Amino acid sequence: MGIKMLHHVCIQTDKYNESLDFYTRILGFKVIKESKDFHTRGYNTWIKYEEFMIELQTAKVNDTLHKWSSLNSGPVHLGFLVDDVQSEYNRIKDLGYTDFKLKNGHIIYEVEGEKLFKIKAPEGTEIEIRDTDI
C-alpha cells in the first residue's frame with residue numbers, strides 16, 4: 001500500500017475567526033465540518049478547496065501556542081498554484097487583505113524567473129502564490 005495523495009494539513013490557531021475568514025473568504029476554501037468543543041479544543045474545522053483540505057483547530061484548553069517562525073524545522077510555507085499571479089494578487093488586495101510579505105521592497109517578485117508573492121495568514125502561516133509549475 002502506497003500513499004495516494006496529500007490528504008490535509010493541520011493548522012493550529014489562536015485567531016480562529018480571523019483564520020477561518022482568511023482561508024474561506026480570501027483563499028476560497030469551503031467549510032466541510034465545524035466541530036465545537038472537540039477533544040478539549042474550542043474548534044476543530046475541516047475546510048476544503050477542490051481535493052485539498054486543511055484541518056483548522058484551536059489549541060487545547062490551557063495550552064498556549066508558540067508564534068510561527070520561518071526559522072522552525074518542518075514545513076515553512078504552503079504553496080498554491082494559480083492561473084495568474086498578478087490577477088490573484090489584485091483579487092486578494094481588492095478583498096481588503098493587506099498582510100503581504102515584501103522581498104527587496106516588492107510584493108510580487110521573481111525567483112529563478114518565476115513570479116510569486118507571499119501572504120501571511122492570521123495565525124502566522126506563510127502562503128506562497130505562484131503561477132508556474134516547477
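Since the structure is predicted, the reported quantities are computational estimates derived from the model, not experimental observations.
Under a hydrophobic-cluster definition in which Ile, Leu, Val, Met, Phe, Trp and Tyr are linked whenever side-chain heavy atoms come within less than 4.5 Å, directly or via other members, Val76 and Leu27 are assigned to different clusters. When hydrophobic clusters are built by joining Ile, Leu, Val, Met, Phe, Trp and Tyr residues whose side-chain heavy atoms come closer than 4.5 Å, directly or via intermediates, Ile47 is grouped together with Ile26. Transitive grouping of hydrophobic side chains (ILVMFWY, heavy atoms separated by less than 4.5 Å) brings Phe100 and Leu102 into a common cluster. Hydrophobic clustering (side-chain heavy atoms under 4.5 Å, transitive across Ile, Leu, Val, Met, Phe, Trp, Tyr) groups Ile119 together with Phe52. Residues Leu56 and Val31 share a hydrophobic cluster, clusters being chains of Ile/Leu/Val/Met/Phe/Trp/Tyr side chains in contact below 4.5 Å.
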Donor-acceptor contacts, no H, no angles, side chain residues 5-12, under 3.5 Å, sequence neighbours left out:
| unit_1 | atom_1 | unit_2 | atom_2 | d |
| --- | --- | --- | --- | --- |
| His8 | NE2 | Glu55 | OE1 | 3.2 |
| Gln12 | OE1 | Arg41 | NH1 | 2.8 |

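With a 4.5 Å cut-off on side-chain heavy atoms, Leu81 and Arg130 count as touching. Taking the side chain as every heavy atom from C-beta outward, Phe80 and Tyr49 never approach each other to under 4.5 Å. By the 4.5 Å heavy-atom criterion applied to side chains, Phe22 and Asp99 are not counted as neighbours. Residues Tyr23 and Thr45 fail the side-chain proximity criterion, which asks for heavy atoms closer than 4.5 Å.
Proximity of a side-chain donor or acceptor of Thr132 to a complementary backbone N or O of Glu114 within less than 3.5 Å is not detected. Looking only at distances, a side-chain donor or acceptor of Tyr97 sits under 3.5 Å from a matching main-chain atom of Lys120. Looking at Arg25, its side chain never comes within 3.5 Å of a backbone N or O of Leu20 through a donor-acceptor pair. Between the side chain of Asp131 and the main chain of Val85, a donor-acceptor pair closer than 3.5 Å is present.
Pairing each heavy atom of Phe117 with each of Ile107, the nearest pair is CB-O, 3.2 Å. Of all the heavy atoms in Glu88 and Arg91, the pair that sits closest is OE2-NH2, 2.7 Å. When every heavy atom of Lys15 is checked against every heavy atom of Pro122, the shortest pair comes out as CD-O, 3.3 Å.
A search for side-chain contact (heavy atoms from CB on, under 4.5 Å) contacts involving His77 returns Lys118, Glu126, Glu128, not counting sequence neighbours.
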| Going through the distances and angles, do Lys67 and Asp14 end up as a side chain to side chain contact (heavy atoms under 4.5 Å, CB included)? | CA-CA 9 Å; Lys67 292 296 177 194; Asp14 57 357; 3.4 Å; yes
(request) Carefully, step by step, assess Tyr43 and Thr13 under the rule side chain to side chain donor-acceptor pair (under 3.5 Å). (result) CA-CA 10 Å; Tyr43 286 94; Thr13 180; over 6 Å; no
Q.
Before you tell me yes or no, could you show the steps for Lys115 and Asp84 under salt bridge (Lys or Arg N to Asp or Glu O under 4.0 Å), namely the whole-Å CA-CA distance, both residues' side-chain angles and the distance that decides it to 0.1 Å?
A. CA-CA 9 Å; Lys115 290 185 179 181; Asp84 181 68; over 6 Å; no
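Atom CD1 of Ile54 sits about 12.0 Å away from atom CD of Gln57, to the nearest 0.5 Å. A distance of 9.0 Å separates CG in Asn62 from OG1 in Thr40, rounded to the nearest 0.5 Å. The CH2 atom of Trp46 sits 12.5 Å away from atom CZ of Phe29, with the distance rounded to the nearest 0.5 Å. Of the inter-residue distances, the one linking Leu78 atom CG with Ile129 atom CD1 reads 9.5 Å to the nearest 0.5 angstrom.
The number of heavy atoms from other shown groups lying within 6.0 Å of CG (Asp83) does not exceed 12.
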